[in-house]
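Model, not experiment: these values are computed from the prediction.
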Amino acid sequence: MIYFRVLALQAIFLFLFLLLFLFDVQAEQLSRSQAEQLWRLNNREIKIALSAITGARGDLATADRMPNPTLSLSTTQINTHSGIGGGGIADKAIDSVLRVEQTWERGGKRDLRASAGRARVMAAQEDAVEAERQGLIQLYSAYWDLKLAFDRERLTQSSAALARQSTAASEKRLKAGDIAAVDFAKLHIDALRVETDARSAVADRQKAQFGLAVLIGRELVAETLVCADDWPTLAGPVPSLRDAAGVDARADVKAASQKLAAALAVREGAKALSARDITVGLQFERYPPAAGFSPNNTWGISVAVPLFASSSYYRGESMRAEADLDAARETVERTRSFARFEQGRALADLQSSMERRRGLENELLPEAERVAKANEFAYLNGGISLLDLLDARRTLRQSQQDLAAVRNDHAKALVTWQLQLPQPPTLGLTPREIINEK
């Protein structure tokens, strides 16, 4: 019965191998630079950020203009009994008034609105750069997660193949009476556990493929995505916090600073509301002809100034502007503090992952491989028990899985750290067109 189960498992994995072969034939080998190009073409967050820039420029165009003049035409003194009289339009008994009015703002209101608008445009541009940086971290994390999923799938399949071979060899020894049935059952249970891990690894790889596909606009062909680049090496200069860009040079801090500048301009604009605007009007008035006299045409000028009903007029606008200014100041300090924290965390994560990777690659994994190979030989020659063999195999599998995971951690930490630098050196970033976009 056990023999037929082993044959069935072998048939299943042969079928999976054929599927993987077909998958590899149709796979889309994707390098990091290609993934970034696709991300830039299809990323929705960047498109939203560019739309915000356009909207801020529209608000600036609205703010940086003087009030629109008004033109009015009116008629008065129309008698409801005698009507407007006969004759042409010039002989009608109506009083016509043509009037043009223009408001002149005082207190520098227009300049203050324009200053706030320009600051908001610059803040939107910096927000777009920050969205790009955050998006790149997310993109490369998804890329390395897919690479890790493929490595785990390969490792689990290799372990499953070894377990199947051991099960088949142990079954022959069981029939020959060389091992006990309970030892064979333990070996078979371990093989089933490894088979389960292999199936889980396939599912994890599929989820990682879809996670990357969503970011680069390849959802319909997610199952074909394959990472072409290998893990980054440990070579390179020793990272130092001195290499990171100053916090005031970061896009998120600059965006917060520009929003503070806008809030300052709005506060000054609220103060300027107390400066009374002047509205000047020019009118032409035509009286109807009377008693045979020609029409009486007159010109007039008017000046209008608002009267503030109380000293608390525009108090609400001032209170709101002060509150927004205080919030903007706190946001700048909070953003600076978070920037320092993020840079320190990125450096700590990178240094920690580098140390752990060196330890696993240079010491732990080679030792686990040596012990596993020695235990395989010893078990075949009756030198150790089955439990010792299974323990050595589990240690090797765990070491291989740990190394794959720490390589993933190192790759992610390296990307995050490089994006803290003034000019990221190794990501192959294309020139940013966000700031200079017209």
Side-chain angles (χ1 to χ4, degrees), residues 13 16-36 137-164 191 193-216 218 222-235 349-350 352-373 392-416 426:
F13 271 87
L16 291 175
F17 176 78
L18 292 175
L19 288 180
L20 288 173
F21 174 78
L22 294 175
F23 168 79
D24 288 338
V25 171
Q26 301 174 358
E28 180 179 356
Q29 297 286 336
L30 197 65
S31 66
R32 286 177 290 172
S33 59
Q34 291 171 335
E36 184 180 327
I137 292 176
Q138 184 182 14
L139 169 69
Y140 281 96
S141 293
Y143 185 89
W144 293 125
D145 282 342
L146 180 57
K147 174 69 174 174
L148 174 63
F150 271 109
D151 281 5
R152 282 178 171 170
E153 184 179 9
R154 175 180 54 81
L155 291 172
T156 54
Q157 287 178 351
S158 177
S159 297
L162 176 61
R164 289 194 298 272
R193 183 183 297 112
V194 175
E195 299 282 3
T196 302
D197 292 341
R199 288 191 291 269
S200 298
V202 173
D204 291 340
R205 184 259 299 165
Q206 292 171 342
K207 289 187 288 186
Q209 285 175 319
F210 189 77
L212 179 61
V214 169
L215 296 177
I216 63 176
R218 285 290 191 271
E223 69 279 359
T224 68
L225 298 181
V226 177
C227 296
D229 292 353
D230 201 358
W231 296 111
T233 65
L234 289 172
D349 289 344
L350 178 59
S352 174
S353 62
M354 291 174 66
E355 291 300 322
R356 288 185 289 122
R357 181 175 172 180
R358 285 194 185 97
L360 283 168
E361 285 184 342
N362 300 331
E363 298 178 12
L364 183 58
L365 183 60
E367 186 67 16
E369 290 175 342
R370 185 188 65 80
V371 171
K373 185 180 296 184
R393 287 182 178 178
R394 281 193 293 269
T395 300
L396 177 59
R397 288 200 303 266
Q398 188 61 48
S399 299
Q400 292 171 335
Q401 296 280 355
D402 290 344
L403 178 58
V406 80
R407 282 173 174 169
N408 182 46
D409 292 341
H410 171 249
K412 290 182 179 180
L414 182 61
V415 169
T416 304
T426 60

Salt bridge (Lys or Arg N to Asp or Glu O under 4.0 Å) against E367, all qualifying residues, sequence neighbours excluded:
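E367 satisfies salt bridge (Lys or Arg N to Asp or Glu O under 4.0 Å) with R370 only.
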With sequence neighbours left out, what residues match D409 under salt bridge (Lys or Arg N to Asp or Glu O under 4.0 Å)?
R356
Pairwise distance [atom1]([X]) to [atom2]([Y]) - rounded to 0.5 angstrom:
X	Y	atom1	atom2	value
E223	R205	CD	CZ	9.5 Å
L155	F150	CG	CZ	13.5 Å
L146	S141	CG	OG	12.5 Å
L148	Q401	CG	CD	8.0 Å
E369	L364	CD	CG	10.0 Å

Can you name the closest pair of heavy atoms from [X] and [Y] and give their distance?
X	Y	value
T156	D197	CG2-O, 4.0 Å
L365	Q400	CD1-CG, 3.8 Å
D402	L360	O-CD1, 3.7 Å
A201	E153	CB-CA, 3.7 Å
S353	H410	OG-CA, 3.4 Å
S31	A228	N-CB, 4.0 Å

Between the side chain of [X] and the main-chain N/O of [Y], is any donor-acceptor distance below 3.5 Å?
X	Y	answer
S200	T196	yes
D151	A404	no
Y143	E36	no
Q209	L225	yes

Student check: side-chain heavy atoms of [X] and [Y] closer than 4.5 Å:
X	Y	value
K412	D145	yes
L396	V371	no
D229	L30	no
L234	E361	yes

Decide side chain to side chain contact (heavy atoms under 4.5 Å, CB included) for R357 and N362; before the verdict, give the C-alpha distance in whole Å, the side-chain angles of both, and the deciding distance to 0.1 Å.
CA-CA 8 Å; R357 181 175 172 180; N362 300 331; over 6 Å; no
